[in-house]
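The structure appears right after this line, and notes come after that.
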Amino acid sequence: PRDKINQFDLVVERAISRRGFLGSVLVFGSGAAAMGTGLVSSTSIAAQQAASRFEFAPVAPATDGTVHVPEGYHWKVLAGWGDALFSSADGYDIANGGLLENSEKIFGENTDGMETFIFQSHQLIAINHEYANRETNLPAEQKGVPANADDVLKLQNLQGVSVFEIAESGDGWSIVKDSMFNRRITHNTPMRMVGPAAGHELLKTPADPNGTMALGTINNCGSGKTPWGTYLTCEENFNGYFGSTVKPQAVPSALVAKGYDRYGIDADGWEYEYHKWDARFDTSKSPNEPHRFGWVVEIDPTDPESTPVKHTALGRFKHENAEVVLAPDGRVVVYMGDDERGEYLYKFVSSGRYRPGGATSELLHDGTLYAARFNDDQTGEWLALTPQTTSMDAEEILIFTRMAASAVGATTMDRPEWIATNPNAIEAYCCLTNNKNRGVKPNAGGDETPVNGPNPRQTNHYGQIVRWRPHHADHAATTFDWDLYVMAGNPDVYHNAYGGSKNINSGNMFNSPDGMAFDMQGIVWIQTDGKDTNKGDYAGMGNNQMLAGDPVTGEIARFLTGPKGCEVTGLCWSVDRRTMFVGIQHPGGDWPDGNGKLPRSSVIAIKRDDNGLIG
Ligand code: FEO
Ligand code: CA
Ligand code: CA
């Protein structure tokens with residue numbers, strides 16, 4: 001038998017060299033590259049690459065404390081942690097970390113996924129606040145560890161989701177304070193649980209004996225938008241908010257114990273200390289409460305009185321984003337990644353069909369959930385998660401979706417982050433951000449994680465973007481072809497697979513792709529959340545950044561660099577497409593205020609100096 005290194009080389013060979021990054025043009029290109037026999041000469045590829053579609057000159061890597069965009073563009077902060085959404089609230093105060101009484105009237109912390117909406121000529125943004133930095137919000141407490149119920153409530157209020165109206169004036173974009181649409185959704189906002197698992201025994205708690213009404217949405221990471229104009233917010237690392245006041249942790253059944261292990265629910269949590277001051281987060285008192293998180297939540301941004309909805313049909317895992325696309329017959333397809341090492345990629349296909357003007361409120365209530373299997377020959381299939389394929393109950397498949405995906409033998413992935421679909425081609429892209437455990441150790445469920453087709457590098461510190469084209473040009477199809485759009489790497493340091501794919505060079509290096517969205521022109525925008533040491537393996541990459549990618553030629557160019565310490569995450573456009581909104585999460589230094597003030601996660605608005613279209 002071949003040893004591990006040889007197998008690794010073999011898979012890399014398959015993914016990169018044989019039909020790799022030049023080959024990807026042959027497989028997936030549109031236009032000239034895809035015509036005729038599907039073969040294309042190297043000269044015509046060179047010609048395509050010479051004719052860049054990008055309208056900007058790439059920016060250099062940066063290591064400083066601010067944002068840089070190309071010449072001919074400018075940026076300005078739209079909103080930041082602590083900015084008031086209502087005139088009755090004071091904004092952020094460095095001295096006390098903000099007051100509890102203001103905490104649910106201000107823009108929350110750690111901006112992440114966001115989407116824009118237009119309603120009766122009002123432009124709205126719905127946006128996630130992924131987590132809270134304890135030290136800065138609770139400066140009075142030792143290391144910011146909550147010491148009372150008010151501390152916990154303040155953190156709960158600063159996370160979740162904001163919805164607010166925005167408007168543009170001569171001075172740029174700003175929040176419309178006191179707009180009737182402005183709303184904060186927190187860790188305590190009532191939410192309906194719907195779909196096949198709603199009301200299941202595993203969702204019942206002392207406070208909600210019916211298992212149909214949850215409180216709050218937690219660790220909201222990526223986002224999505226439905227064709228009917230609602231916002232999807234995705235619950236990612238919800239496990240860290242739970243703990244147990246009784247140790248060892250109370251575990252009511254073997255199944256729940258297995259679920260706790262797989263999803264990382266432990267007795268200590270991540271020092272949010274909710275369990276000490278809010279009984280529903282104490283697993284010794286409410287052991288099913290964790291099962292009420294890890295869902296995709298739908299919010300109507302146009303109705304501040306509406307009750308958000310948790311969709312059990314879309315499965316429970318550490319959701320990154322929810323990319324919604326329609327199949328030719330109108331079924332709703334939702335692509336979703338589970339961001340943990342060696343976890344899986346999923347899609348939901350609705351039973352019902354979307355028709356403009358038709359009923360939409362229950363389209364996500366019922367459908368089929370699949371996990372992806374990628375074969376090394378660049379084909380793949382979506383494996384339905386059903387009682388027959390998993391030997392699990394239908395409801396348990398939805399509540400313990402990771403176990404169901406393990407049962408069908410889906411492909412363990414290098415941390416699936418955002419998924420985006422190309423408006424100009426029937427294809428989807430997923431950022432696989434990195435995975436130090438690839439080829440080293442199993443995932444949390446004990447599934448082995450050998451190097452494989454779309455995850456071809458052991459101890460993968462750089463990440464890659466896999467894309468697939470569903471067969472029959474139908475996102476609801478159960479088979480597909482795949483390739484790697486890019487493998488990040490450092491060609492200055494490595495002359496092997498860790499040097500990256502052919503579309504990576506000294507001028508566009510990055511690591512850990514995470515956020516991603518297509519614009520209307522079919523350019524894919526890639527945001528990074530990686531190491532910004534700019535040393536060793538990461539030398540020449542600089543701070544986290546946003547790049548533009550051409551899906552046809554493979555060309556990638558750096559458009560933006562963020563301040564030191566930040567991750568760049570969240571991307572959407574104004575309705576007129578003359579402004580691009582980009583999220584800068586957890587910046588270091590004192591960005592954006594300067595003057596030694598605390599750094600604040602913020603959304604910036606980027607425009608062309610000539611006010612031209614920007615995607
Ligand atoms: Fe919240 Fe996977 O990023
Ligand atoms: Ca992310
Ligand atoms: Ca990330």
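What's counted below: heavy atoms across the whole structure, side chains too, no hydrogens, waters or symmetry copies. We count ligands from 1, going down the list as the structure has it; atoms in each ligand are counted the same way.
The minimum heavy-atom distance linking Trp591 with Gly65 is given by the pair CD1-O, 3.3 Å.
A salt bridge links Asp447 and Arg262; the closest N-O separation between the charged side-chain nitrogens and carboxylate oxygens is under 4.0 Å. Looking at Asp83 and Arg600, a side-chain N of the basic residue comes within less than 4.0 Å of a carboxylate O on the acidic one, giving a salt bridge.
Computed with atom 2 (Fe) of ligand 1 at the centre, the Glu236 OE2 to Glu417 OE1 angle is 160°, stated to 10 degrees.
Residue contact annotation: Asp112 places no N/O/S atom under 2.8 Å from atom 1 (Fe) of ligand 1. Counting backbone and side-chain atoms alike, Asp514 contributes an N/O/S atom closer than 3.0 Å to the Ca ion (ligand 3). Not a single N/O/S atom of Glu567, whether from backbone or side chain, sits less than 3.0 Å from the Ca ion (ligand 3).
Atom 2 (Fe) of ligand 1 sits nearest to atom OD2 when only the N, O or S atoms of Asp339 are considered. Note on Glu417: its N/O/S atom closest to the Ca ion (ligand 3) is OE2. The N, O or S atom of Asp529 lying closest to the Ca ion (ligand 3) is OD2. Minimum-distance N/O/S atom of Glu320 relative to atom 2 (Fe) of ligand 1: OE1. Looking only at N/O/S atoms, Glu130 comes nearest to atom 1 (Fe) of ligand 1 through OE2.
Counting only N and O atoms by type, the side chains of His187 and Tyr274 include a donor and acceptor under 3.5 Å apart.
Ring pair Phe480/Trp382 is tilted by interplanar angle, where 30° to 60° counts as tilted.
Aromatic rings from Tyr335 and His475 are positioned such that their centres are separated by under 6.0 Å.
Partner of Lys318 under the salt bridge (Lys or Arg N to Asp or Glu O under 4.0 Å) criterion, chosen from Glu340, Glu236, Glu130: Glu340.
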